[in-house]
Amino acid sequence: MEPLSPGLYIVATPIGNLGDLSPRAADILSRASVIAAEDTRVTAGLLRHIGTKRPMTPYHDHNADHVRPHLIARMATEAVALVSDAGTPLISDPGYKLVRDARAAGHTVVTIPGPCAAVAALTLAGLPTDRFLFAGFLPSKAKARTEAIAELGAIRATLIFYESGPRLGATLAALAEQLGDREAAVTREITKRFEEAVTGTLSTLAAHYAEAPPKGEIVIVVGPPGEAPPASIEDADAALADALTRLPVAKAAGEVAKKFGLDRKELYARALTLKDE
Ligand code: SAM
């Protein structure tokens, strides 16, 4: 087998169905000098599936800073492949700093694209795909989560979140409360035996999953906001009062101005009055 040219090879792997490993990915993995893997036991299973054995080295959040310089040095003369446990490396997985440092060192970087749960979920959801924003995992602490959702509220794009079963109900409820009752989809176990996509509004989905958290891996897809209705002063005041419980005056005014397409300065003055009342 001809050796690969030295450099870094980013290799996407299946998110459940081994049949999704591309022939090119299998070829690169079989010929790499070393495979940097998030969990070498998981990757050993994939290598068994394609009937090959290659040297592996763990590369994960806990050892990356220590291991990275050694991998960068090896790329000068060897082909280093990077894989994560499932899907595309760097997407809610380690790898971006490895690519950054490989580039800085002048090494060749090659990508072998393939499965990614975020994009797969988007293809299942039946929601607009012309503009989308991948938001990864929301923070688990309530305050940080509220702030993260508030930041996304005004973005006119479909939103994609990774989530786990036990947190799904609470996350959907928080999204419904802060984003309004948008169309959404909960996609689960994509490419696996029990793949499903449940669609509805955020509040119906929150109610559906409140009692029984589902098993397996989950992606939430949320449609973009509708055209903002002309807000009444009461609506704006209510939104301001809510925002003021979480944010300082200027930020609260900014958030509500964006949400309703209103003048930020006027809302700032209004927020100061509300705060004094
Ligand atoms: N790098 C991966 C990718 O390209 O999708 C994502 C890794 S991230 C650590 C793992 C999360 O991706 C899971 O918690 C889940 O939200 C989502 N995920 C991965 N595989 C999935 C699947 N088969 N079905 C639904 N979601 C999946």
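Numbering of residues begins at 1 and proceeds along the displayed sequence. As the structure lists them, so they are numbered: ligands from 1, and atoms in each ligand from 1.
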**Q** Among E163, E196, E195, find the residue that satisfies the side chain to side chain donor-acceptor pair (under 3.5 Å) test when tested with R188.
**A** E196
**Q** So does L127 get a backbone contact from the side chain of E183, meaning a donor-acceptor N/O pair under 3.5 Å?
**A** no
**Q** If we ignore hydrogens and angles and just use 3.5 Å, is the side chain of R156 paired with the main-chain N or O of G226 as donor and acceptor?
**A** yes
**Q** Give a yes-or-no answer on whether the side chains of N17 and T191 include a donor-acceptor pair shorter than 3.5 Å.
**A** no
**Q** Just by distance, with hydrogens left out, do T43 and T40 show a side-chain donor and acceptor under 3.5 Å apart?
**A** no
**Q** Considering only NZ, NE, NH1 and NH2 on the basic side and carboxylate oxygens on the acidic side, decide whether K192 and E217 come within less than 4.0 Å.
**A** yes
**Q** Run through ligand 1 for me and note each protein residue having a heavy atom under 4.0 Å from it, chain first, then residue number.
**A** I15, A86, G87, T88, I91, S92, D93, C116, A117, F137, Y162, E163, E189, I190, K192, E217, I218, V219
